[in-house]
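Reading through the structure tokens given below for one structure.
Worth saying up front: this structure is predicted, and the values here are computed from it rather than measured.
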Amino acid sequence: MAIQINIEDLPSSGAIEQELKRERNKIRYRRIIKSSIYALVLVAAVAVLIATLILPVLQISGTSMEPTLNNGEIVVLLKTNKLQRGDLCGFSYSNKILIKRVIGLPGDTIIIDEAGTVFVNGEELDEPYVSDKSLGECDIEFPYEVPEGTYFLLGDHRETSIDSRNTVIGCIEKEQIVGKLFLRIWPLSELKFLN
């Protein structure tokens, strides 16, 4: 049995070239998609590592830091436990990260009078970030000496903040410090470096 091939049934060299070009494009497209997916996974992994190891991102919940920080805002912390008076910091407490302001360093003597004015080592603390001074939820006795290895932290909204004035929280140990507030990123209209 002889097989007959009709030349007219064979594709032309242009059609073969066109089909080869289409197949090469499909292979190249798949490679681009694969490399893009790998790049996105790598970027996501690096972002997660940075966010957990160096720059944690937090959303503010509550009113204890008003007017400085408002409910729903998103901030970035810089991981450190080296703090100065006036720094905003995050610390771990009962499986949460709370945000407060450093008022007293280890060894400082703190006095808060009935009107809510804060004195550190005998000098009145200038607090332009506090809109309404208040003694708030305070159950410690003054003068209060900040124990070594701890920080005395207060919220900026003194009337409602539960902080180092209350023995429920007390002074915060260095090991509890997660980091110092570095940047407010949300809302975008309020984007700015903090401290």
Side-chain angles (χ1 to χ4, degrees), residues 47 50-112 116-121 123-138 140 142 144-195:
I50 289 173
T52 55
L53 299 177
I54 301 169
L55 298 168
V57 177
L58 303 173
Q59 183 172 20
I60 303 299
S61 177
T63 62
S64 74
M65 287 306 294
E66 288 181 351
T68 307
L69 298 171
N70 297 301
N71 190 41
E73 292 182 340
I74 298 175
V75 295
V76 177
L77 271 66
L78 177 62
K79 285 248 184 172
T80 182
N81 62 4
K82 296 176 183 172
L83 302 172
Q84 298 176 5
R85 189 173 295 109
D87 285 346
L88 295 171
C89 74
F91 63 96
S92 60
Y93 177 79
S94 292
N95 294 323
K96 294 179 185 174
I97 297 179
L98 303 179
I99 306 292
K100 303 292 180 194
R101 188 177 298 274
V102 177
I103 300 298
L105 303 173
D108 283 350
T109 300
I110 309 293
I111 297 173
I112 304 176
T117 303
V118 178
F119 297 87
V120 178
N121 300 325
E123 292 185 29
E124 184 178 342
L125 191 61
D126 180 32
E127 297 186 287
Y129 42 81
V130 176
S131 57
D132 292 321
K133 292 183 178 183
S134 171
L135 187 55
E137 296 280 331
C138 182
I140 61 172
F142 296 108
Y144 181 84
E145 186 171 330
V146 181
E148 285 302 315
T150 66
Y151 294 95
F152 190 86
L153 307 178
L154 296 178
D156 288 355
H157 191 197
R158 299 288 161 79
E159 193 171 348
T160 63
S161 179
I162 306 294
D163 44 41
S164 293
R165 296 172 292 179
N166 194 296
T167 53
V168 169
I169 292 186
C171 285
I172 304 304
E173 296 180 12
K174 268 189 171 182
E175 294 77 34
Q176 289 177 268
I177 302 294
V178 174
K180 180 165 112 171
L181 262 69
F182 170 65
L183 178 68
R184 176 178 20 223
I185 57 175
W186 187 261
L188 288 177
S189 60
E190 297 291 321
L191 178 71
K192 74 175 195 176
F193 290 100
L194 300 167
N195 286 341

- Message: Evaluate Ile177 against Lys82 for side chain to side chain contact (heavy atoms under 4.5 Å, CB included), listing each step before the verdict.
- Response: CA-CA 9 Å; Ile177 302 294; Lys82 296 176 183 172; over 6 Å; no
- Is there a side chain to side chain contact (heavy atoms under 4.5 Å, CB included) between Arg165 and Leu154 once you walk through the steps? CA-CA 7 Å; Arg165 296 172 292 179; Leu154 296 178; 3.3 Å; yes
- Task: In sequence, state the C-alpha distance, the side-chain angles, and the governing distance for Val168 and Tyr93, and then conclude on side chain to side chain contact (heavy atoms under 4.5 Å, CB included).
- Result: CA-CA 11 Å; Val168 169; Tyr93 177 79; 3.4 Å; yes
- Check the pair Thr117, Ile112 against side chain to side chain contact (heavy atoms under 4.5 Å, CB included), reporting the backbone distance first and the verdict last. CA-CA 5 Å; Thr117 303; Ile112 304 176; over 6 Å; no
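A 4.5 Å side-chain heavy-atom check between Phe182 and Leu88 finds every atom pair outside the cut-off. Between Ile74 and Ile60 the shortest side-chain heavy-atom distance does not fall below 4.5 Å. Annotation: side chain of Ile185 is in contact with side chain of Val57 (closest heavy-atom distance under 4.5 Å). You'll find the side chain of Leu98 reaches within 4.5 Å of the side chain of Ile169, heavy atoms only. Residues Val75 and Leu183 fail the side-chain proximity criterion, which asks for heavy atoms closer than 4.5 Å.
Minimum heavy-atom separation, Ser164 to Cys171: OG-CA, 3.8 Å. Residues Ser161 and Glu137 come closest through the heavy atom pair O-CB, 4.5 Å. The two residues Thr80 and Lys180 have their closest heavy-atom pair at CG2-CB, 3.9 Å. Contact detail for Ile111 and Phe142: the closest heavy-atom pair is CA-CD2, 3.8 Å.
There is no side-chain donor-acceptor pair under 3.5 Å between Thr150 and Lys174.
Checked by atom type and distance alone, the side chain of Glu159 never pairs as donor or acceptor with a backbone atom of Ser134 at under 3.5 Å. Between the Glu73 side chain and the Asn70 main chain, a donor and an acceptor come within less than 3.5 Å of each other. At distances below 3.5 Å, not a single donor-acceptor pair connects side-chain atoms of Asp156 with backbone N or O atoms of Glu66. Put simply, the side chain of Asp108 never gets that close to the backbone of Val120: no donor and acceptor are under 3.5 Å apart. Using a distance-only test at 3.5 Å, with no hydrogens or angles considered, a donor-acceptor pair links the side chain of Asp163 to the main chain of Gly155. No donor-acceptor pair closer than 3.5 Å links the side chain of Arg101 to the backbone N or O of Asp87.
A salt bridge links Glu124 to Lys133: at least one charged side-chain nitrogen sits closer than 4.0 Å to a carboxylate oxygen. Asp132 has no carboxylate O lying under 4.0 Å from a charged side-chain N of Arg158, or vice versa, which leaves the two without a salt bridge.
To the nearest 0.5 Å, the span separating CZ on Arg184 from CG on Leu69 amounts to 5.5 Å. Rounding to the nearest 0.5 angstrom, the gap separating the SG atom in Cys89 from the CD atom in Gln84 is 12.5 Å. Separation of atoms CZ (Phe152) and CD1 (Ile140) is listed at 4.0 Å; rounding is to 0.5 Å. Note that OH of Tyr151 is 11.0 Å distant from CZ of Arg85, once rounded to the nearest 0.5 Å. Considering CD1 of Ile110 and CG of Leu105, their distance stands at 8.0 Å, rounded to 0.5 Å. Ser92 OG to Gln176 CD: the interatomic distance, rounded to the nearest 0.5 Å, is 5.5 Å.
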